[in-house]
Amino acid sequence: KVDKEDVKKSIPRSSLTMANFHPDFDKFVYPPRLLENNLKIKACIWMYEDLGLISKFHIPMRTLVHFMLMVRKGYRDPPYHNFDHAFSVMHHAYLIAKNLQLNSKLSDLEVIALLTASICHDLDHRGTNNAFQVNSHSVLASLYSSEGSVLERHHFAQAMCILNTSGCNIFENMSRKEYVRTLDLVKHIILATDVASHLQILPQLEKIVEEGMDLTNTCQRELLLALCMTACDLSDQTKQWETTKNTAKLIYKEFFSQGDMEKRMGNNPEIIHDRERACVPQLQINFMLHIAQPVYRILAALFPVYGEVYQRVQLNIGRWRRVEKEFKSRGLPNTDSLDFLT
Ligand SMILES: Cc1nc2ccc(C(=O)N[C@]34C[C@H]5C[C@H](C[C@H](C5)C3)C4)cc2n2c(-c3ccccc3Cl)nnc12
Ligand SMILES: [Mg+2]
Ligand SMILES: [Zn+2]
């Protein structure tokens with residue numbers, strides 16, 4: 001007797017509608033950095049499909065494929081701010097949309113804007129931060145420093161270039177009104193990834209937690225989208241220790257390279273960029289306590305199902321505290337020798 005289940009399992013579920021990247025692919029515990037590179041484009045397309053966005057906005061498959069290939073090409077290869085980071089950020093946006101049932105609280109327009117902003121949010125990142133653009137008088141600074149969020153404005157400009165490339169405009173079948181609104185949302189969400197901007201809206205987010213969220217209010221919907229985007233941008237901190245540890249290695253590799261360049265330019269780098277002065281576990285704990293943890297605490301307060309994500313951030317902070325003690329007890333030199341990270 002051939003069991004029905006066995007027959008179903010034997011059918012190759014290769015069609016897009018039954019993607020099988022991993023049994024936990026749509027769970028908060030899944031670390032997207034584990035997915036092999038040549039499946040990432042297909043996974044990006046699957047995430048739009050699974051959220052019903054391809055049919056809702058009549059996105060031609062060839063357009064979505066061309067768009068994704070152009071986005072991947074639009075990333076450079078610094079240690080951290082590369083396409084792998086963009087993919088992991090988009091994956092967290094997909095998890096939030098799916099597991100927080102955002103489509104019942106936000107419009108499909110807001111969901112597709114969040115997903116698209118996620119994969120585009122660091123386009124053409126050079127591995128140096130906003131302060132470096134200004135101090136080095138980079139071309140980007142000459143373009144955008146008067147308005148602030150120099151890099152983020154460039155990332156959005158790059159996303160617009162891709163959408164304006166023929167055959168790549170995934171929003172082409174939207175009404176004029178929808179199209180304009182979606183681009184405004186993508187811009188708002190990408191600009192929200194400037195941590196300085198996030199810190200400015202933090203008091204308003206705390207207020208929403210105290211007073212309860214009113215999603216009929218457009219400002220509050222846009223604050224929620226900004227919060228979700230920051231949660232996605234920092235989502236490596238919400239995975240198992242291996243991911244958090246590896247991300248620290250990549251981020252500080254990028255930070256210390258910037259510090260080396262600043263020294264060669266005769267400028268004094270921030271401690272966080274100075275391989276001779278930085279104590280990585282301490283800096284990591286500072287970042288998690290003051291920037292990352294509040295993000296996940298607030299999102300978990302607004303959406304209880306997100307509590308498991310907040311718990312994992314807490315676990316990782318505890319792990320870094322243990323590492324910091326180890327670091328100090330061994331009197332390790334403040335080099336960037338993160339290899340000690342067991
Ligand atoms: C692990 C980890 N550590 C991080 C430590 C520090 C900072 C950081 O920007 N600090 C600040 C500290 C003050 C106030 C503002 C503006 C500047 C001055 C610089 C923020 C980011 C960190 N970060 C990010 C990240 C998220 C968004 C953009 C860029 C990055 Cl790198 N993603 N992961 C991490
Ligand atoms: Mg960024
Ligand atoms: Zn980012």
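Just so you know, ligand 1 is whichever comes first in the structure, and atom 1 is the first atom listed for that ligand. All values reported here derive from a predicted model rather than from experimental measurement. If you read the sequence from its start, that first residue is 1, and numbering goes on from there.
Taking the N/O/S atoms of D233 in turn, the shortest distance to the Zn ion (ligand 3) belongs to OD1. Of all N, O or S atoms in D122, the one lying closest to the Zn ion (ligand 3) is OD2.
Between H22 and Y30, the distance separating the two ring centers is shorter than 6.0 angstrom.
Relative ring orientation between H92 and F28 is described as tilted, the plane-to-plane angle lying within the 30° to 60° band. A tilted orientation is assigned to the rings of H85 and Y80, their planes being inclined by 30° to 60°.
Residue nearest to atom 26 (C) of ligand 1, selected from T244, D122, L234: L234 (by heavy-atom distance).
Distance check for atom 18 (C) of ligand 1: every protein heavy atom is found at 4.0 Å or beyond. Protein heavy atoms are found inside the 4.0 Å sphere centred on atom 2 (C) of ligand 1. Shown here, atom 6 (C) of ligand 1 is in close reach of the protein: a heavy atom of it lies under 4.0 Å off.
Put simply, no part of E254 is less than 4.0 Å from ligand 1, judged by heavy atoms. Residue contacts with ligand 1: Q284 is included, with a non-hydrogen atom under 4.0 Å away. Ligand 1 lies within reach of Q237, whose nearest heavy atom is under 4.0 Å from it. At a 4.0 Å cut-off, not a single heavy atom of T247 sits close enough to ligand 1 to count as contact.
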Mind running side chain to side chain contact (heavy atoms under 4.5 Å, CB included) on C279 and F327 for me, showing each step along the way? CA-CA 9 Å; C279 169; F327 199 82; 3.7 Å; yes

Could you give me the CA-CA distance, side-chain angles and deciding distance for I298 and L202, then say whether side chain to side chain contact (heavy atoms under 4.5 Å, CB included) is met? CA-CA 9 Å; I298 292 170; L202 211 46; 3.9 Å; yes

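Metal site remark for the Mg ion (ligand 2): D122 contributes an N, O or S atom at a distance under 2.8 Å. Here H81 does not reach the Zn ion (ligand 3): none of its N/O/S atoms is less than 2.8 Å from the metal.
The shortest contact between atom 9 (O) of ligand 1 and any protein heavy atom is with V195 CG2, 4.1 Å.
Using a 4.0 Å cut-off between charged side-chain N and carboxylate O, K187 and E152 make no salt bridge.
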